Amino acid sequence: MKSYGVIIIGGGHAGCEAALSSARMGVPTALITLDLDKIALMPCNPAIGGIGKGHIVREIDALGGQMARCIDKTGIQFRILNSSKGPAVQGYRAQADKYLYKKEMRQVLECQEHLNLICDEVDELLFDNNSVKGLRTCSGLELSSRCIVITTGTFLNGRIHLGMKSSPAGRVGEKPSIKLSQSFLDQGFELGRLKTGTPPRLLSKTIDFSQCETQHGDPNPKPFSFSTTKISQPQVPCYITYTNARTAEVINKNMHLSPLYSGVIEGVGPRYCPSIEDKVVKFPDRVSHHVFLEPEGLNTDWVYPNGISTSLAEEAQWELVRTIPGLENADIVAPGYAIEYDFVPPTQLLSTLETKKIKGLFHAGQINGTSGYEEAAGQGLVAGINAALSFLGLEPFTLSRMESYIGVMIDDLVTKGTKEPYRMFTSRAENRLLLRQDNADSRLMGKGHKLGLVSKEVYDLCLLKKERVKKEINRLNTTKVVPNEQGKKLISKLGVKDFKTPTSLAGLLKRPEISYSKIIETFNGSSESKLVGEQVEIQIKYEGFIQRQNQVAAKQKKLENYRIPIDFKYEGIPGLSCEVVQKLESIRPTTLGQASRISGITPAAVSIVMLMLK
């Protein structure tokens, strides 16, 4: 029986990050997947990033993960979403060449030292009392490991629905994992059922793009990774069209054959990425819905119509598509479908993503009830790191919601659980002004370097950038402009008319109409790099808001610093109701802060636990 330090089951976005982080920490690692050609596949939307999601990708990069570098090499349209709003809620997004993306990720995996790729199907997990000890594949191969990361995506007892037809599948053309799902039940895990879906794919040459709005990317695309200096590959436009009343008529006419509304599908679907059937039923007064026509790559004729995910019968999909302007003659090359799959409610996990029931068993990605490549990759990175640390006998690694969006996501999952596919938004973070995507490197790169995932060269550049930002802010704070003739002449170039008292350059920069570049241009300063200038401007303009949020965060941190032993006894504590005791025993919070976020746990109950801890 061959032995590995860490084994990863599943080659999706969670599995890739888990495998790379473990191997890069020097641990002998194996990644087992059904099809090596489908590693890092994008079975749904061929894009990375978005509001909240882009923050996660930048954090993955700061911690030494791969997703940002991969999309920088294979993205075919880069845009900053919410660019007119404040930096806390802006989001990087890139349309991907899905074929180049998976090719690039596979090449990285194959070249990674300490990592073996195995093409096989896992048939059974092997246990030793309450610990994992290995696995057995369908081909009869047995591998031993005390640390296994499960990243099975939609393959756990997966079932595809297309109209009233359904069949077992993890994705189209790929068989699901039935026995693995049963092994969780055998070990006493609770399972749930979720649903997601995808739209039909269209043939580009049959689309009349002249009837659609053209959506170009940013003229100077900004990369996701702090290591990327320039986006060099060709960029392409996307297009926007809309559904209409005729589209709704077709859907309503065929609703009796919809698996979503005929009772065939039992799983709960994503609230924030609903099917077109859901949109028509739940928003009957809305006449039209956006449809984003997104190319799937530079060398393919397939187009992804983002916004019309559906599980209607294929004939109805053809009729539906051809009611949309620009798509009157469009051909479907692959129909849309819905997929149901099992997940393991994440309240059964620790903040390290290790299961509470089985030592050495970690879960990451859709098995935890999340949706999205970015959420999966963030979990995979944390699970892979902790599996490696467990093998090495070192202290576990956790991220708090005070310091990262990945921490917010994991804390939400393990504390509150989820009954629908979980998706990241900036609104989920209490301290979002502190957790901006532009400062992910200064927040997290030190942790990535300490883990051995970020090189000294890259980390030194991060430290140099922080020092230059600090130095430039100090220069702007100490450089004064006086209201003499020369000062007034310079100030007038900035459009400032009420200049009567001496002020610093930083004081001028706090004005909303004045940018850092204008300050440099007007006062002949030595211009810093764009990244440094961006940080200088944000930190000066939002100084008051950042200080206030830091004060709030400091108060919250006090609760996070109150550690609760894993074997702490809640039963018998005076003042705690049976319901509160039951919830605390079930979730097993590791800090008072986490306990305070459990649904139904009152401030009074938290105070009682705090007294007992003291």
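The shown structure was predicted, so the numbers you read here are calculated from the model rather than taken from an experiment. Computation of the quantities below employed the complete heavy-atom set of this structure, encompassing side-chain atoms and omitting hydrogens, waters and symmetry-equivalent molecules.
Around NZ of Lys38, the count of heavy atoms belonging to other residues, nucleotides or ligands within 6.0 Å exceeds 12. In this structure, Asn299 places its CG atom where only 12 or fewer heavy-atom neighbours from other residues, nucleotides or ligands lie under 6.0 Å away. The number of heavy-atom neighbours closer than 6.0 Å to CG of Asp128, taken from other residues, nucleotides and ligands shown, is above 12. Counting heavy atoms of neighbouring residues, nucleotides and ligands inside a 6.0 Å radius, atom NZ of Lys583 exceeds 12 of them. No more than 12 heavy atoms of other residues, nucleotides or ligands lie within 6.0 Å of CD in Gln582, so this atom counts as exposed by the packing criterion.
With no hydrogens or angles considered, no side-chain donor-acceptor pair links Asp97 and Gln233 at under 3.5 Å. For the residue pair Thr300/Glu296, the side-chain donor-acceptor check at 3.5 Å is not satisfied. Side chains of Thr352 and Asn386: a donor-acceptor N/O pair is absent below 3.5 angstrom, by distance only. At a cut-off of 3.5 Å, with distance as the only test, a side-chain donor of Asp342 or Ser181 sits close to an acceptor on the other residue.
Note on Glu420 versus Arg271: salt bridge recorded, some NZ/NE/NH1/NH2 to OD/OE distance being below 4.0 Å. A salt bridge does not link Arg136 to Asp123: none of the charged side-chain nitrogens sits closer than 4.0 Å to a carboxylate oxygen. Using a 4.0 Å cut-off between charged nitrogen and carboxylate oxygen, Arg24 and Glu113 do not count as a salt-bridge pair. Salt-bridge annotation for Lys557 and Glu430: absent, with no side-chain N of the basic residue lying under 4.0 Å from a carboxylate O of the acidic one. Note on Glu190 versus Lys356: no salt bridge recorded, every NZ/NE/NH1/NH2 to OD/OE distance being 4.0 Å or above.
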Original post:
How far apart are the C-alpha atoms of Phe184 and Asn157, what are their side-chain angles, what is the distance that settles it, and do they pass the side chain to side chain contact (heavy atoms under 4.5 Å, CB included) test?
Top reply: CA-CA 11 Å; Phe184 285 110; Asn157 205 14; over 6 Å; no
**OP:** Begin with the C-alpha distance, continue with both residues' side-chain angles, and end with the deciding distance and a verdict on side chain to side chain contact (heavy atoms under 4.5 Å, CB included) for Gln556 and Met402.
**Re:** CA-CA 8 Å; Gln556 293 173 332; Met402 317 292 295; 3.2 Å; yes
**OP:** Check step by step if salt bridge (Lys or Arg N to Asp or Glu O under 4.0 Å) holds for Lys569 and Glu585.
**Re:** CA-CA 8 Å; Lys569 301 294 183 185; Glu585 291 280 3; over 6 Å; no
Original post:
Could you walk me through whether Gln379 and Thr370 pass the side chain to side chain donor-acceptor pair (under 3.5 Å) check?
Top reply: CA-CA 10 Å; Gln379 294 169 71; Thr370 58; 3.0 Å; yes
Subject >> Criterion side chain to side chain donor-acceptor pair (under 3.5 Å) on Glu560 and Thr591, from CA distance to verdict >> reply: CA-CA 5 Å; Glu560 301 300 332; Thr591 67; 3.2 Å; yes
**OP:** For Arg201 and Thr198, run side chain to side chain donor-acceptor pair (under 3.5 Å): C-alpha distance rounded to whole Å, both residues' side-chain angles, the deciding distance at 0.1 Å, then the answer.
**Re:** CA-CA 9 Å; Arg201 304 311 197 268; Thr198 187; 2.8 Å; yes
Original post:
How far apart are the C-alpha atoms of Met25 and Phe391, what are their side-chain angles, what is the distance that settles it, and do they pass the side chain to side chain contact (heavy atoms under 4.5 Å, CB included) test?
Top reply: CA-CA 11 Å; Met25 291 170 71; Phe391 170 77; over 6 Å; no
Subject >> side chain to side chain contact (heavy atoms under 4.5 Å, CB included) between Arg423 and Cys273, intermediate numbers included >> reply: CA-CA 9 Å; Arg423 179 177 179 175; Cys273 188; 4.2 Å; yes
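Using modelled atom types, one side-chain atom of Thr415 and one backbone atom of Asp411 make a donor-acceptor pair closer than 3.5 Å. A donor-acceptor contact shorter than 3.5 Å links the side chain of Asp72 to the backbone of Phe224. Looking at Thr152, its side chain never comes within 3.5 Å of a backbone N or O of Phe155 through a donor-acceptor pair. Judged by distance alone, with hydrogens and angles left aside, the side-chain atoms of Ser145 form a donor-acceptor pair with the main-chain N or O of Tyr4 at under 3.5 Å. A donor-acceptor pair under 3.5 Å links the side-chain atoms of Glu59 to the main chain of Ile406, judged by distance alone. Within the 3.5 Å criterion, the main-chain N or O of Glu375 finds no donor-acceptor partner in the side chain of His13. Checking side-chain atoms of Thr151 against main-chain N and O of Gly365 turns up no donor-acceptor pair under 3.5 Å. Counting only distance, with no hydrogens or angles, the side chain of Gln348 and the backbone of Pro345 share a donor-acceptor pair below 3.5 Å. Between the side chain of Asn368 and the main chain of His363, a donor-acceptor pair closer than 3.5 Å is present. Side chain of Glu354 to main chain of Gly360: a donor-acceptor pair is present (N/O by atom type, distance under 3.5 Å, no hydrogens or angles).
The shortest distance between side-chain heavy atoms of Leu36 and Leu117 falls below 4.5 Å. Residues Arg588 and Ile566 have side chains in contact (heavy-atom distance under 4.5 Å, counting atoms from C-beta outward). Leu20 is not listed as a side-chain neighbour of Leu453, based on a closest heavy-atom distance of 4.5 Å or more. A heavy-atom distance below 4.5 Å is not found between the side chains of Arg69 and Glu104. Here the side chains of Val132 and Lys359 are not in contact, with every heavy-atom distance at 4.5 Å or above. Contact check for Arg146 versus Ser131: side-chain heavy atoms found under the 4.5 Å cut-off. Between Ile573 and Val581, the closest side-chain pair of non-hydrogen atoms is not below 4.5 Å. Under the 4.5 Å side-chain criterion, counting only non-hydrogen atoms from C-beta, Val414 is not in contact with Leu350.
When all heavy atoms are compared, the tightest approach of Arg428 to Val408 is O-CG1, 3.6 Å. Heavy atoms only, all atoms of each residue included: Ala429 and Leu435 are closest at CB-CD1, 4.3 Å. Residues Ala19 and Leu109 come closest through the heavy atom pair CB-CD2, 4.4 Å.
With rounding to the nearest 0.5 angstrom, the CE atom of Met164 is 10.0 Å from the OG atom of Ser311. From Ser371, atom OG reaches atom CG of Asn45 across 11.5 Å, with rounding to the nearest 0.5 Å. Put simply, CD1 on Ile71 and CD on Gln95 are 8.5 Å apart, with the number rounded to the nearest 0.5 Å. The CG atom of Leu559 sits 5.0 Å away from the CE atom of Met610 when rounded to the nearest 0.5 Å. Taken from OG in Ser275 to CD1 in Ile265, the straight-line distance is 8.5 Å, to the nearest 0.5 Å. With rounding to the nearest 0.5 angstrom, the CE atom of Met612 is 12.0 Å from the CD1 atom of Ile564.
Applying the ring pair (Phe, Tyr, Trp, His ring centres under 6.0 Å) test to residues at least two apart or on different chains, the pairs with a partner in residues 31-73 are His55-Tyr405. Residue pairs that meet the ring pair (Phe, Tyr, Trp, His ring centres under 6.0 Å) test with at least one member in residues 22-50, sequence neighbours left out, do not exist here.
Across Leu381, Asp61, Ile48, a single residue satisfies side chain to side chain contact (heavy atoms under 4.5 Å, CB included) together with Met67, and that is Ile48.
For the pair Arg106 and Tyr101, the cation does not sit on the ring face, since its NZ or CZ is not both under 6.0 Å from the ring centre and inside 45° of the axis.
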